[in-house]
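Computed from heavy atoms alone, side chains included, the values below leave out hydrogens, waters and symmetry copies. Throughout, residue positions are numbered sequentially from 1 according to the sequence presented. In each ligand, atom 1 is the first atom listed, and ligand 1 is the first ligand listed. Not measured: the values here are computed from a predicted model.
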Amino acid sequence: MKYYSLSNGDQIPGLGLGTWKSAPQVVGEAVKQALALGYRHIDCAAIYGNETEIGQVLTEALNQGQVQREELWITSKLWSNAHHPEAAIPALKKTLQDLGLDYLDLYLIHWPVVIQPGIPFPQTGDQLLPFTEDSLRGTWQALEDAVDQGLCRHLGVSNFSAKKLEMLLALARIRPKINQVELHPYLQQRKLLAFAQAQGILLTGYSPLGSGDRSASFKQAVEPQLLADPLITEIATQQGCRPAQVLLAWALQRGTITIPKSTNPERLQENLAAADLVLTDSQMAQIGKLDRHYRYVSGDFWALPGSPYTVLSLWDGE
Ligand code: A2P
């Protein structure tokens with residue numbers, strides 16, 4: 001397994017298990033199998049609605065000595081309706097309780113979006129509040145307090161543009177270590193990656209396989225099929241591996257963390273094994289040409305009529 005070093009020397013496993021869309025009654029077994037296979041990095045979030053079940057499995061594995069807490073890297077995310085100074089630490093404590101943990105390795109602001117308190121997901125634009133420097137400062141300071149209290153070891157963000165990262169860097173006492181964004185050959189985000197690397201921030205890529213199991217409300221009518229891309233399948237044939245493994249090896253070889261989701265035992269194993277695959281320079285360069293700035297997760301669900309957000313303002317046109 002490839003590990004990346006953070007500025008204080010802590011190490012994060014480059015490949016983790018994604019749990020977005022992993023259904024209740026299924027996610028627990030997937031995490032159990034993943035731990036048995038050797039996964040040590042689990043990516044969670046309160047809004048995925050499955051942290052309690054993941055927590056039961058983590059507790060069992062830790063109690064049985066199958067893994068030590070220090071070997072695990074557990075990430076979770078602050079949902080947008082707790083994007084308020086007084087709500088952030090209670091939300092983190094709820095996640096810790098659900099996951100059965102004393103501390104997280106990483107806590108991310110899930111979106112640069114603020115939902116009115118008490119509303120899980122907005123149905124109308126007026127249930128959204130503007131994301132401003134002041135709102136970010138208030139939430140970030142609460143999260144910095146959470147680090148001081150030992151509730152999480154590192155802080156980060158998700159779905160932040162370079163412009164929003166700059167805003168955060170200007171006000172942060174504790175710097176963000178990671179920005180989790182959508183990354184795959186159709187959305188390579190080279191400028192954001194270069195900016196993050198220059199700032200000592202790692203990028204984690206979500207939807208590395210194209211997230212084909214998103215619900216209809218998160219999908220466009222017609223979408224490109226990343227796993228069936230002719231170049232990806234051709235390189236898989238050349239390497240004698242599976243297309244998903246090409247996508248994951250590409251992500252690791254360009255210096256990003258990747259968190260493929262699976263609840264299937266064979267595919268869990270296949271994905272983990274991708275960390276040992278080495279693509280040639282020519283294969284990396286060919287994949288580099290596939291970029292088409294295509295977002296599977298467009299963020300249009302925040303751009304409701306009357307919302308302070310548009311798709312353009314969300315990504316700052318990047
Ligand atoms: P499953 O959970 O049944 O394995 P992403 O990580 O981009 O969100 O993609 C997740 C989707 O990709 C899920 O539908 C998942 O299905 C599928 N998937 C995960 N691993 C593989 C693989 N190795 N080959 C093909 N599809 C995969």
Side-chain angles (χ1 to χ4, degrees), residues 1 13-39 41-45 47-50 53-54 57 75-77 108 110-111 158-159 180-189 203-220 223-237 239-252 254 256-277 279 287 290-292 294-299 301:
M1 172 58 63
L15 190 143
L17 176 67
T19 63
W20 176 38
K21 308 177 264 72
S22 297
Q25 317 297 325
V26 174
V27 68
E29 193 54 34
V31 172
K32 194 183 286 188
Q33 286 170 353
L35 291 176
L37 287 166
Y39 283 78
H41 171 176
I42 315 284
D43 184 82
C44 311
I47 194 64
Y48 301 162
N50 54 16
E53 191 171 329
I54 294 172
V57 173
T75 297
S76 186
K77 311 184 190 86
L108 308 178
H110 204 146
W111 283 90
S158 183
N159 297 301
Q180 182 177 130
V181 293
E182 180 178 338
L183 286 180
H184 45 70
Y186 292 164
L187 184 68
Q188 304 195 8
Q189 308 227 49
L203 290 192
T204 298
Y206 68 71
S207 300
L209 308 177
S211 273
D213 57 345
R214 275 163 298 128
S215 64
S217 57
F218 284 95
K219 274 190 167 172
Q220 307 303 319
E223 295 190 332
Q225 298 301 309
L226 186 58
L227 280 164
D229 183 278
L231 176 66
I232 299 300
T233 53
E234 186 193 320
I235 293 176
T237 305
Q239 288 277 357
C241 71
R242 309 281 300 160
Q245 294 180 308
V246 173
L247 296 170
L248 301 175
W250 172 83
L252 290 170
R254 71 196 292 253
T256 61
I257 300 162
T258 189
I259 46 168
K261 170 266 175 185
S262 183
T263 51
N264 171 282
E266 286 80 37
R267 290 192 284 275
L268 281 168
Q269 186 158 28
E270 188 174 305
N271 295 347
L272 187 64
D276 298 322
L277 178 67
L279 301 177
I287 297 172
L290 290 182
D291 199 5
R292 52 168 101 168
Y294 184 81
R295 290 182 193 277
Y296 288 103
V297 181
S298 70
F301 42 86

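- Evaluation of the ring pair (Phe, Tyr, Trp, His ring centres under 6.0 Å) rule for Y206 yields no partner, not counting sequence neighbours.
- Within 4.0 Å of ligand 1, contacts by protein heavy atoms are made from K21, S207, P208, L209, G210, S211, D213, L227, A244, P260, K261, S262, T263, N264, R267, E270, N271.
- With sequence neighbours left out, the salt bridge (charged side-chain N to carboxylate O under 4.0 Å, His left out) criterion links E270 to R242.
- Heavy-atom contacts from other residues, nucleotides or ligands closer than 6.0 Å to CD of Q33 number more than 12.
- With sequence neighbours excluded, no residue forms a salt bridge (charged side-chain N to carboxylate O under 4.0 Å, His left out) with E234.
- Using a 4.0 Å cut-off between charged nitrogen and carboxylate oxygen, D43 and K77 count as a salt-bridge pair.
- Taking all atoms of both residues into account, the shortest heavy-atom contact from D291 to Y186 is OD1-O, 3.3 Å.
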